[in-house]
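As a basis for the values below, the full set of heavy atoms in this structure was taken, side chains included, without hydrogen atoms, waters or symmetry mates. Both counts, for ligands and for their atoms, begin at 1 and track the order of listing.
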Amino acid sequence: MSIAVLDFGGQYAHLIANRIRRLHAYARICSPQVSLDELQGVRGLILSGGPASVHDPGQPPYNPTLFDSGLPILGLCYGHQLLCRHLGGEVTPGHTREFGAARLQIGKALGVLQGLEYEERVWMSHQDTVSRLPAGFEVLASTGDCHMAAVYDPNRRIYGLQFHPEVRHTVHGMRILDNFVELCDCPRDWTMDHYLEQQAEELKKQTSGRKVFLLVSGGVDSSVAFLMLNRILGEERVLGLHIDNGFMRHNETDTVRRLLAESGFSNLHVVDASTEFLASVEGVVDPEEKRRRIGAQFLHTRDRALADLQLDPEEWLLGQGTLYTDTIESGGTAHAAVIKTHHNRVDLIEKLLAEGKVVEPLAQLYKDEARELGEKLGLPHHLVWRHPFPGPGLAVRALCSDGRPNWEGVEEAQERARKLAARRELAVEILPLRSVGVQGDGRTYAHPALVWGAAGWEALEELSTELTNSIPQINRVIYLLGPSPRPGQGLKPAHLTRQRLDLLRQADSLAMAALERHGLMQEVTQMPTVLLPLSSDGVQESVVLRPISTDDFMTARSSPLPRAFVDEICGQLLAVKGIEAVFCDITHKPPGTVEWE
Ligand code: XMP
């Protein structure tokens, strides 16, 4: 028995399934074209949001008979508009733009809104609006800008919500989803044990006697996948491959070898391929190009290791600890946009996936679920709670440049940014380099703005949101931590070299040790250290600390750092030969992604 989530391509579509599973009901993702036959055992349908408009000729196709199935339906954002239009209502394009928090006034606290207050804080992100309801529908709740924010047909048990109950910023979103599960009468028997049983069956079917050569970076995802495969298939059918790609944290390979040995793993093969990886990205500046080449290099190194170990490639499938976030952000579901190509989703791997030659036991999970599974399987706490580290590692944290600033359309933006910052007596400068962001379910590649001057966290947070909301050339904001006054800096030519990677490794190691000393490892979920080729003398460079807090990594808040920590780490970093300035990234996700590239 389950709830089916029809994926119309929204960045949060899978989050809905995650939230339903957190309520102990089983939820699975389906294509909107799924047939009624394939929905055996389904007790209710949720239609996700998506980047399209119901007026686009290219809107995702769907199976119209789903609306006649008699199942309870909950449409969210795009799903709400789609169901209203399909059933005879009207949607007005571009009528109201509402992004972010909104106040929902509830007229009738019935059905999915049962038990909610008269007024609730919800999260909106839409441009089109339902302007006429289908026959049989009534309005349950409205916001100032959106009259039909929550609607229902009591007879058919169909609900439409313009806002997103699945994101944490909708304060009682879980209550709404819980009400829906209740009215679907879906059993609450889904647990991690069920997931393990189900995966055991699927893995046995997929491998059908073959073995798995699993890429093990030593992060939580691959370690959990390694443990799970060992348990389900047995050690003789699993071999872990740890590749030192040269983009790892300080002493990473030794740490991974030790941590896994302590956890009882003996079937791990370690390869040093740092020279090949470095050569594969020589002279590359573009972030997506870096990611593609590194992803492909992982496969070349695996092939070489198979040959060195004289293992038959037909007998050994590729294993990866891929999570759902890796797939969705790589544009890996039918209607989603590519935000960045994760190393485990490059073309060569997509090809193997299509041939059924890749084993990914965590591909339906989010980081918080992978961690829960790790704890359940008995992985040591410090391994489960290590900060995540991306496959392409420091390579996507060391920004490169050919030394030519990119100033397209920035002059006028600079003037507008100055006016916004001046209201808070702060200075701002748009920087001549770019980083990746995610806005309105799509990818951006735009400029960071550097802010400096005396200010509290709240003022900085507000300014960061104002700058990124109102100036399209800016998708990220950083704040100067030191030195003061700020050195006059320009862009220097810089590529991925061992020397730059060593400098970044040293900075990252200092930053991580300081987080640990200050007891901040859990409060701050992840803190990439990023190297920028911004320099006053053409030799030294700048570093950015990117502290965030999140549980699912699809959205994240920039995490404020305590003064004592900032003073200490800033002093330590500025004492490192080669570092002349230290910044802190104060951008939430969206609009900035966690990693800069
Ligand atoms: P973004 O930058 O997409 O990061 O907001 C979200 C989370 O994903 C991690 N990340 C990766 N992990 N391979 C990985 O295994 C990758 O290619 C990759 N890119 C980003 C990132 O560190 C953060 O935890």
Side-chain angles (χ1 to χ4, degrees), residues 11-12 14-15 214-225 242-243 245 247-249 252 256 277 281 287-299 319-332 336-347 349-350 360 362-363 365-368 370-371 385-399 435-439 441-445 475-476 508 512 524-530 544-559 585 587-597:
Q11 288 290 313
Y12 309 138
H14 198 269
L15 204 52
L214 178 79
L215 295 177
V216 180
S217 67
V220 54
D221 315 336
S222 57
S223 302
V224 172
H242 175 79
I243 299 174
N245 59 14
F247 308 134
M248 322 280 276
R249 292 174 269 207
E252 180 75 357
V256 169
F277 271 85
V281 286
E288 276 295 285
E289 186 59 24
K290 274 186 195 171
R291 286 178 164 270
R292 280 192 291 269
R293 293 196 191 191
I294 292 167
Q297 188 58 46
F298 270 111
L299 272 197
Q320 302 195 118
T322 311
L323 294 184
Y324 190 77
T325 17
D326 303 332
T327 314
I328 177 83
E329 298 209 322
S330 304
V338 179
I339 310 302
K340 46 184 76 169
T341 306
H342 281 222
H343 73 289
N344 38 21
R345 278 292 174 272
V346 293
D347 286 350
I349 291 183
E350 293 286 0
E360 295 183 324
L362 310 182
L365 302 186
Y366 277 82
K367 183 75 82 187
D368 53 345
R371 283 186 161 141
W385 289 100
R386 281 192 93 195
H387 277 194
F389 190 70
L394 301 181
V396 289
R397 293 180 177 174
L399 267 69
S435 82
V436 179
V438 56
Q439 283 165 290
D441 287 301
R443 170 192 168 94
T444 55
Y445 189 44
N475 65 352
R476 197 179 283 278
D508 172 70
M512 286 303 115
V524 174
T525 322
Q526 191 179 8
M527 190 175 76
T529 302
V530 183
V544 188
L545 303 175
R546 174 35 167 169
I548 54 124
S549 66
T550 178
D551 53 13
D552 54 48
F553 291 87
M554 291 301 292
T555 56
R557 294 191 74 82
S558 157
S559 201
D585 190 335
T587 327
H588 300 314
K589 172 185 178 176
T593 47
V594 177
E595 306 288 349
W596 276 49
E597 293 195 332

Quick look: K367 vs ligand 1, heavy-atom contacts under 4.0 Å, and the answer is neither
Under 4.0 Å from a heavy atom of F553: give me the atoms of ligand 1 that qualify, with their elements.
7 (C), 23 (C), 24 (O)
Heavy atoms only: which of P390, S217, G219 lies closest to atom 12 (N) of ligand 1?
P390
R397 to ligand 1: N or O pair under 3.5 Å?
no
Any donor and acceptor pair, going by atom type alone, linking the side chain of T525 with main-chain N or O of T550 inside 3.5 Å?
yes
Proximity winner for atom 20 (C) of ligand 1, if only heavy atoms of Q320, R345, H342 are counted
H342
Stacked cation flag R546 on W596, 6.0 angstrom / 45 deg
no
Heavy-atom nearest neighbour of atom 1 (P) of ligand 1 within options L323, V346, V594
V594
Which of the atoms in ligand 1, numbered in the order shown and given with their element, are less than 4.0 Å from a heavy-atom of P392?
13 (N), 16 (C), 17 (O)
Give a yes or no on whether a salt bridge exists between E288 and R443, defined as a side-chain N under 4.0 angstrom from a carboxylate O.
yes
Looking only at distances, can you tell me whether any N or O atom of E595, backbone or side chain, sits closer than 3.5 Å to an N or O atom of ligand 1?
yes
Within less than 4.0 angstrom of ligand 1, does R291 place any heavy atom?
yes
Just by modelled atom types, is the G321 backbone N or O under 3.5 Å from a matching donor or acceptor in the D326 side chain?
no
Can you tell whether the side chains of D508 and R249 come within less than 4.0 Å, N to carboxylate O?
no
Give a yes or no on whether the backbone of P388 and the side-chain of Q526 come within a donor-acceptor separation of less than 3.5 Å.
yes
Would K340 count as being in polar contact with ligand 1, using the rule that some N or O on each side must be under 3.5 angstrom apart?
yes
T593/K340 under side chain to side chain donor-acceptor pair (under 3.5 Å): CA gap, chis, key distance, verdict:
CA-CA 9 Å; T593 47; K340 46 184 76 169; 2.9 Å; yes
